[in-house]
Amino acid sequence: MQLAPKYDPSTLEEKWYKFWETNQMFASNPDERTPYTIVIPPPNVTGVLHMGHMLNNTIQDVLIRRKRMQGFNALWVPGTDHASIATETKVVTMLKEKGIKKTDLTREKFLEYAWEWKEKHGGIILQQLRKLGASCDWSRTRFTMDEALYESVIDVFIDLYNKGLIYRGVRMVNWDPVALTAVSDEEVIYEEQQSKLYYLKYKIVGEDNFVTIATTRPETILGDTAVCVNPNDERYKDIQGKKVLVPLINREIPVIVDEYVDMEFGTGCLKITPAHDINDYNIGLKHNLESIDILNDNGTLNEKAQLYIGKDRFVAREEIVVDLEKSGHVAKIEPYINKIGLSERSHAPIEPKLSLQWFLKMKEMAKPALDVVENDIVKFHPAKFKNTYRHWMENVKDWCISRQLWWGQQIPVYYLPDNSMIVAKSKEEAYQKALELNCNLKIEDLHQDEDVLDTWFSSWLWPISVFDGIRFPDNEDIKYYYPTNDLVSAPDILFFWIARMIMAGLEYRKDIPFHNVYITGVVRDKQGRKMSKSLGNSPDPLDLIEKYGADGVRVGMLLTSPAGNDLPFDEVLCEQGRNFANKIWNALRLIKGWNVDENKNQPEYSAKAFDFFDEKINASISQLDNQFKDYRISEALMTTYKLIWDDFCSWYLEIIKPPYGEGIDAKTYNQAVDFFEKLMQLLHPFMPFVTEEIWHNLKVRTDKESIMLSLMPETKETNDALLRKFDYAADVITAIRTLRLEKNIPLKEQISLFIKKNHNEQADITFDSIIAKLTNLDKIEYIDEKLEGALSFIVATTEFYVPAPSSIDIEAELEKLRAELEYTKGFLDSVNKKLNNERFVSGAPANVVELEQKKRDDANKKIAVIEEQIRSLM
RNA sequence: GGGAGUUUAGCUCAGUUGGUUCAGAGCACCUGCCUUACAAGCAGGGGGUCACUGGUUCGACCCCAGUAACUCCCACCA
């Protein structure tokens, strides 16, 4: 069969993925082998594949494929997250397009639509992951709202409630007036905005004077319940304890004092609106101030504001400024840049709002979760994230777990008509409990809490719940696969996901959820900007796959992404990956093009090449083991890349390549095929498709065999000396090639090489036959004296001579030799300086001194050699 | 404002307890080659005051102090 000169991934990748999937090669079930487990960070069910996913999932696939080939029972559990806000927003939008308003629907009807949407459009991303080559066990795909996972969440809520860790309370939360829900601190993004600072005058009661405050939100004065100054502020000593009037509505409020006020800022006089600012709220608590909430949930003003009722907060802001100016209450308006919190989902400005929410106490759970990381029971790669983690865990605040949404796990709390509550798994159970307290109650009298739980309240159970380990703590899967081994995640969810999974694991399994956390960098564009949908600077991963093949893109993602480092993405990296696949493909073409000559004996150079490459591959395997142990995946890829491209293609294959027109001996051919096979195995975790294709081309395979199920080659004892000998031969070869290039001696023209003996022990003859083969020598001869009138060069301290077919440029030769002489003398000087230094000789360890002495001897010898050469030329 | 981290070749990064002239890799670049596996290639080559300043040491990319620039996290000053 003729192989095309260019490797074409498109059809092959599809073919092999189908082959793996239909033969269930990704599947895993508990058995006697050691498990190796990864749970995927579940992408949002609404999600589509972006570059971050590409990076993250490529790494996971590399890890899982390698372990699978190393004989572990490898399981990669896929799945999606119900993503309550994101999905609900999407469904609401979809319904709006159909002319349906969420507010017109019952909860049940809305959820029906949502599920319908999920079944139809959700999980596209899981299909896309297949294109990447992800070897997930798809039969175990989980969704955080699957019945088992849903129930697990409810069980956990009830359990934590019973343990006293969950409570309900009124707190200041981040309110999203568009999505109409509380969001967590992590879901608020701050952006700088050009706004204005308004200086407003409040009349002092009983005086003709005013006091001026500064605010960025003039509409909130309608909720003011105090004005506050710093107790040390001389300017305001006289007004302390007096009353002032809120402009327009003329409510009387006190002037209080608190150290909190910054005397430098604005006028040094702060208005206090406890209902609409977290700091004001805290001051309000401290000073027992009334809290007037002037806003409706949707951000419009309510009747407590007295003015602008029903108008949006931003409309009200504009109107109140006009009115305040009219009434003479505006002292001045300055331009001002401030940071404003926006909802990550709806992008609406967040409103600090007092509301009744559910909270989970964090302090108790954080302590052991911090300990396991501090003690490296859970290891972070890179370790620097321990610092960030510690900082957060030590300052952890209670977690607001309720959300005013419908899509999600509804809080299992039932209220009686008298507002007392019962926590129960179902309404029926709640009713039974209620009956014990109150006999004449009907089940309809109970109503369930309207809120759902924060999405992360289900995600934090993921490593347990995918195995149904909450509901059935002793089931076979959870006992076998838990704790999982590696978690691969982005740094931005270190707290709200990774930290909480550790807490949940320790709480519900009394064991960590994973041993290692590999934290990826952020994918950025060439300008260093984070890739994002809104910037439109992210290439579509599927386009890239189409262009370069999944293997090419995988290599592109991995080449420059050491753990924790940002990845400045550049398409040329994918090109490099594609070129690599093509290179391998052509190596296959070369080997497949050879005619095996059964009668031919193995040439010596091929036997020597075997020795060299066998050792080289061995050393690389050992290196790979170390790199994987340290999660240095980029480096591991580069090690494999160089082993294949440089050592295998550029050296080994070039050495054994039979002369034109000749066949290759069977022994060498088989050795080459075996080497190639091993290389493909080593590369397979990085480039699964091309390696599978080549693996099937190299030898006859059955239709159920796959490289992904083959056993990874292992390392044996290494022999560095052999590799150094080869390096020496390679240096000689390079020197001869350079000589040919400089002197214009074509490779076709055969030359002779003379080596001067006795000068040192490094002139090793192990690879002579290879030197001769690659540089087209007719002979290599060892001589005692220098060869007059020949071209020469020095490698280490040995002189080599090549009788020149043409005349040579003596001046140029001399110049080169003199430069080398000068360099060597400089080197000798630096060595002598050390050795003549009394303190070095006495202070440095003996072996270091010896080394320096050997360097001095070698340098002296080399200088003698060069000087002799110069003399002979002159 | 508090904390953490980074700074080595044009770019992206290695450099493991201070010790070979140890300053490395890949890509990019330069030169010569369409040599029957591959121009998505082959051969050869150039390139860095290791951010800056000082200190410790016989010896510093490495340890210490200070300076500068950048990045991230936390807080959210009206």
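Convention: sequence-line order gives letters A, B, ...; per-chain numbering from 1. Note that this is a predicted model, so its numbers are computed, not measured.
Checking A:Asn579 against A:Glu575 by side-chain atom types alone, no donor-acceptor pair falls below 3.5 Å. In the model, A:Gln627 has a side-chain atom that pairs as donor or acceptor with a side-chain atom of A:Thr639 under 3.5 Å. Checked by atom type, the side-chain pair A:Asp224/A:Tyr202 shows a donor-acceptor distance below 3.5 Å.
For A:Lys332 and A:Tyr199, the positive end sits near the middle of the six-membered ring, less than 6.0 Å away and at most 45° from its axis.
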Grab the N/O contacts between the protein and nucleotides 22-25 of chain B below 3.5 Å, and write none if there aren't any.
from, atom 1, to, atom 2, distance (Å)
B:rA25, O2', A:Lys642, NZ, 3.1

Just the table, please: protein N/O against nucleotides 1-7 of chain B N/O, every pair under 3.5 Å.
from, atom 1, to, atom 2, distance (Å)
B:rA4, O3', A:Asn387, ND2, 3.1

Nucleotide N/O to protein N/O under 3.5 Å, stretch nucleotides 15-17 of chain B:
from, atom 1, to, atom 2, distance (Å)
B:rG15, OP1, A:Arg632, NH2, 2.8

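Positionally, the nearest nucleotide of RNA chain B for A:Phe385 lies more toward the 5' end than for the other of A:Met263 and A:Phe385.
Between A:Glu334 and A:Lys196, none of the side-chain N atoms (NZ, or NE/NH1/NH2) sits under 4.0 Å from a carboxylate O, so this pair counts as no salt bridge.
Listed by first residue number, the stems of RNA chain B with at least three Watson-Crick or G-U pairs below 3.5 Å are B:1-7 with B:68-74, B:10-13 with B:24-27, B:29-33 with B:41-45, B:51-55 with B:63-67.
Note: A:Tyr652 and A:Phe648 have parallel aromatic rings, judged against thresholds of 30 and 60 degrees for the angle between ring planes. Below 30°, between 30° and 60°, or above 60°: for A:Phe628 and A:Phe686 the angle between ring planes is between 30° and 60°, a tilted geometry.
The distance between atom CZ of A:Arg390 and atom P of B:rC73, rounded to the nearest whole Å, is 18 Å.
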A correct 5'-to-3' footprint of nucleotides 36-45 of chain B, with B, S and - meaning base, sugar-phosphate only and no protein heavy atom under 4.0 Å, is BBB-BSSSSS
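Here the separation of B:rA68 from B:rU56, taken at their C1' atoms, is 23 Å to the nearest Å.
Closest to the A:Lys397 side chain, of the nucleotides B:rC76, B:rG26, B:rA78, is B:rC76.
Identified under the side chain to side chain donor-acceptor pair (under 3.5 Å) test for residues 259-268 of chain A, with sequence neighbours left out: A:Tyr260-A:Asn279.
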